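Step one of this worksheet: look at the structure below.
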Number of protein chains: 4
Amino acid sequence: MAPVPPPQLSARKSPRQARATATLEAIFEATIQVLLTDGPTRLTTTRVSARAGVSVGTMYQYYPHKQALLYAVTERYLNTVAETVERTCLQNHGAPLAQMSDTLVKAYWDAKTMQRNATRALYLVALEVNTSDLAEACMQRIEAATAAMFDSAPDAKFADLALVNLTFLTVLFGTVRSLFTRKMTEESERRVGDELSVMCLRYLEASKIA
Amino acid sequence: MAPVPPPQLSARKSPRQARATATLEAIFEATIQVLLTDGPTRLTTTRVSARAGVSVGTMYQYYPHKQALLYAVTERYLNTVAETVERTCLQNHGAPLAQMSDTLVKAYWDAKTMQRNATRALYLVALEVNTSDLAEACMQRIEAATAAMFDSAPDAKFADLALVNLTFLTVLFGTVRSLFTRKMTEESERRVGDELSVMCLRYLEASKIA
Amino acid sequence: MAPVPPPQLSARKSPRQARATATLEAIFEATIQVLLTDGPTRLTTTRVSARAGVSVGTMYQYYPHKQALLYAVTERYLNTVAETVERTCLQNHGAPLAQMSDTLVKAYWDAKTMQRNATRALYLVALEVNTSDLAEACMQRIEAATAAMFDSAPDAKFADLALVNLTFLTVLFGTVRSLFTRKMTEESERRVGDELSVMCLRYLEASKIA
Amino acid sequence: MAPVPPPQLSARKSPRQARATATLEAIFEATIQVLLTDGPTRLTTTRVSARAGVSVGTMYQYYPHKQALLYAVTERYLNTVAETVERTCLQNHGAPLAQMSDTLVKAYWDAKTMQRNATRALYLVALEVNTSDLAEACMQRIEAATAAMFDSAPDAKFADLALVNLTFLTVLFGTVRSLFTRKMTEESERRVGDELSVMCLRYLEASKIA
DNA sequence: TATGAATGAGTTTTCATTCAT
DNA sequence: TATGAATGAAAACTCATTCAT
């Protein structure tokens, strides 16, 4: 399910000693930090390695170039996202439809709220490296998890589960992103969020088989 | 309503002669072209001016730096978008709610379909220049236009028009973008689009005052 | 006759203004100088441009990369060599065979003596850039020139002029290079040179038709 | 006679155990291999040690730096060359002059033919390390061997054996190298080679004391 | 003694910006 | 006013060498 990274974007080697693992971890962390504090156009290899407390050379021991590093960081981030959603879905297996919808919207909303900057940062990374295969893989994991959850709802059956599921997710993800992109008062944000919740649930309800 | 560009992003001088206007036009066009064919990382001042058929020096007569150029190009693009929406809204003044909703969704969808690349291109520009004030101004014009339209619907009154309008737009814009970002079959795209149409209208209907 | 440089080794643009021509000239000169004084492994773009009194950027306006520069320098040098030989040959058209042989050996010897370092420098360049097509083109011009000259000798006809000519040149060039590569006393060098002269002439004489 | 390597180019330690000898051997072999397959600009210490199957650290146990390694490899190669010539000369002790000349030319020619790449590789090494003392020592061994051989010819005495010998070798080595440097048809190469053979012998004959 | 992770000076190359013509 | 040659700071990346384990 996890996509095999294209060869030019692959890491050069994996750490064998504990020291190396720590180094790699520091590099990852530093990349995110720089992305958040300095922005994607200021993300230079020198800056990242400086922040990580290692030399540039060390970075290049693990990644053949900047792109490969960014690819790896994105991969790790998206994995976390997918795992979060999968966990949430499992926890709501067999729950009533309304609870499923609300939980998902809330979970996604909260995740994004907490990682607003990280999300934005990673999106910008996509400019320099083509991470669409990673994003697609992540989406498919999420789709599978939510589909399985919806399918387990005791109070709802759908004529076309796949379509309903896909629409639900597309609207949810798109709207949340849209909301966060704009500068809006917290108040407005919250109120639109509530409306979204209602809208999503209403959509699900209306799609049920009589 | 149109945002006054921050001084450091302002153009150096306004064209006074026909020749100058033509030059500016060529520079604009070239910027978009380069963005589309070469991508945002290849957008250099030399490339743009070459494509525009003028010398770099000339370009710097009009814009003090690259950012000012990109800002101006974005501004012009967003103006076009806002104008299109405004026109559509005026044309549907006093129409039934269902027609308003469908027309808006369809208009936005079509606009995006036709300019998929241009939209993406401009989004990438946002990396290098902060155009959020422009985007915000554009959004406010659109909000005003759609609010006025919805307010003129003979078959619907809303308790909180502003909130309903904002939600409607946020969902519409976000979802469409989400849809276009993912690689999806045309079939899926169309079907989710149809679902979105239904969902939006249903939301408006449900928000009406008894 | 002059080889068309492979596209990736071509110059970026030719100078249009007098200033630009002077700049290019300085870059050429500096390249040779650095090669001679610092050696080929110390030939860096920074060093060359510094020595030329221009900035690195300027160098890159004319050549897309170091290799292209080196290729151009080699080309120019080899052209000079070929021209020198061609001139010498024309001047000895119709002369007696002995004079031809002696003049050629002496001319080549002198040329090398004067440019000992330059020659060595350029040979080393061949490591980083493939200049064999240039060398081959140069050799062919030389071969043509000497063949024409030998053919005009009033006192000698050859059964296989091409072979004799080729052998003569191969021995001459190889031996001179060999001589200059070794550290030898000037005395030894001169004496071996004289022997070479004799040897070459004797070879030509022995190859004549009855 | 063998040159004492300048201290900064000396190996760090001599192998005392069989294992160490094997390691050294592997490093030598790897150096040549990398030189031949990857070219001199790709000859890095990491590459060599990887190919040799040892770690960089180990390599630095034996050679204080890259130059020392290259120096040692060159030394070994030139020793082989010198030994080959010495053996050939001993085998032709007391033979007729014509046989001596032909054997030498043929032996050298064959050696070079077989090791075309190795020879070229080693020449390139000379760029980074000054191996002229090694080359000189090798030449002197060769000179001594051939001089002794020529001196033993029953059918020839020379007024100035040293000069004749030096000229003979310089012409032979230079011409062969020249021949191999140019791209030439095998046919041409062979024919010029034959001419060279004749030319050399004729030179020796002409230099004999009546 | 062997390992290989880490170092960082040094190299090539780019590109926004200036300014003499 | 327009031109385009020149600038040079800054970026990505390499590789000989060291040293803790």
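Labels below follow one simple rule: chain letters A, B, ... track the order of the sequence lines, proteins then strands, and each chain is numbered from 1. Computed from heavy atoms alone, side chains included, the values below leave out hydrogens, waters and symmetry copies. Just so it is clear, the model here is predicted, and its values are computed rather than measured.
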Task: Set of residues satisfying side chain to side chain contact (heavy atoms under 4.5 Å, CB included) with respect to C/Thr46, sequence neighbours excluded - done: C/Thr44
Task: Contact list for DNA chain F against residues 33-45 of chain D - heavy-atom distance below 4.0 Å - done: D/Leu43, D/Thr44, D/Thr45
TODO: For C/Arg12 and for A/Val54, locate the closest nucleotide of DNA chain E by heavy-atom distance; then report the residue assigned to the nucleotide nearer the 5' terminus.
DONE: A/Val54
Please tabulate, for the side chains in residues 56-63 of chain A, all donor-acceptor contacts under 3.5 angstrom to protein atoms that are two or more places apart in sequence or on a different chain.
from    : atom 1 : to      : atom 2 : distance (Å)
A/Thr58 : OG1    : A/Ser55 : OG     : 3.3
A/Gln61 : OE1    : A/Lys13 : NZ     : 2.9

TODO: For the residue pair C/Leu9 and C/Val129, establish whether any side-chain heavy-atom pair is separated by less than 4.5 Å.
DONE: yes
Open item on the list: Which nucleotide wins on minimum distance to the side chain of C/Tyr60, given the candidates E/dT14, F/dA6, F/dT14?
Closed with: E/dT14
TODO: Using whole Å, report how far CD of A/Glu128 lies from C1' of E/dT14.
DONE: 14 Å
Open item on the list: Measure CD/A/Glu25 against P/E/dA5 and give the value in whole Å, please.
Closed with: 17 Å
Donor-acceptor contacts under 3.5 Å from residues 28-38 of chain D side chains, at least two apart:
from    : atom 1 : to      : atom 2 : distance (Å)
D/Glu29 : OE2    : D/Gln33 : NE2    : 3.2
D/Thr31 : OG1    : D/Ile27 : O      : 2.7
D/Thr37 : OG1    : D/Gln33 : O      : 2.9
D/Thr37 : OG1    : D/Arg51 : NH2    : 2.7
D/Asp38 : OD2    : D/Arg47 : NE     : 2.8

Task: Over all atoms of both residues, closest heavy-atom pair of C/Gln67 and C/Glu128 - done: CG-O, 3.8 Å
TODO: Could you tell me the separation between the NZ atom of C/Lys66 and the P atom of E/dT12, rounded to a whole number of Å?
DONE: 4 Å
- [ ] Using a heavy-atom cut-off of under 4.0 Å over every strand shown, decide if A/Tyr63 touches base, sugar-phosphate, or nothing.
- [x] nothing
- [ ] Would you classify A/Thr23 as touching base, sugar-phosphate or nothing, given that sugar-phosphate means primed atoms plus P, OP1 and OP2, and contacts are heavy atoms under 4.0 Å?
- [x] sugar-phosphate
Open item on the list: Taking side chain to side chain contact (heavy atoms under 4.5 Å, CB included) as the definition, give me every residue that meets it alongside A/Glu25, ordered by chain and number, with sequence neighbours left out.
Closed with: A/Arg76
Task: Smallest separation among heavy atoms of C/Ala68 and C/Ser10, with atom names - done: CB-O, 4.0 Å
Open item on the list: Could you tell me how far apart B/Leu69 (CG) and E/dA16 (C1') are, to the nearest whole angstrom?
Closed with: 12 Å
Open item on the list: What is the separation between atom CD on D/Gln67 and atom P on F/dT17, rounded to the nearest whole Å?
Closed with: 6 Å
Task: Rounded distance (Å) that lies between atom C1' of E/dA6 and atom CD1 of A/Ile27 - done: 10 Å
Open item on the list: Expressed as a whole number of angstroms, how long is the span from B/Met59:CE to E/dC19:P?
Closed with: 17 Å
Task: Minimum-distance nucleotide (side-chain atoms of D/Thr58 versus E/dA2, E/dT13, F/dC13) - done: E/dA2
Task: Watson-Crick or G-U pairs under 3.5 Å in DNA chain F, rendered as dot-bracket with [ ] for crossing pairs and | for another strand - done: .||||||||||||||||||||
Task: Position toward the 5' end of DNA chain F (nearest nucleotide), B/Ser55 or C/Gly57 - done: B/Ser55
TODO: Report yes if some heavy atom in the side chain of A/Lys66 is under 4.5 Å from a heavy atom in the side chain of A/Val48; otherwise report no.
DONE: no
Task: Most 5' of A/Val56 and C/Gln61 on DNA chain F, judged by nearest nucleotide - done: C/Gln61
TODO: Find out whether D/Asp133 and D/Tyr71 are in side-chain contact, i.e. whether some heavy atom of one side chain is under 4.5 Å from a heavy atom of the other.
DONE: yes
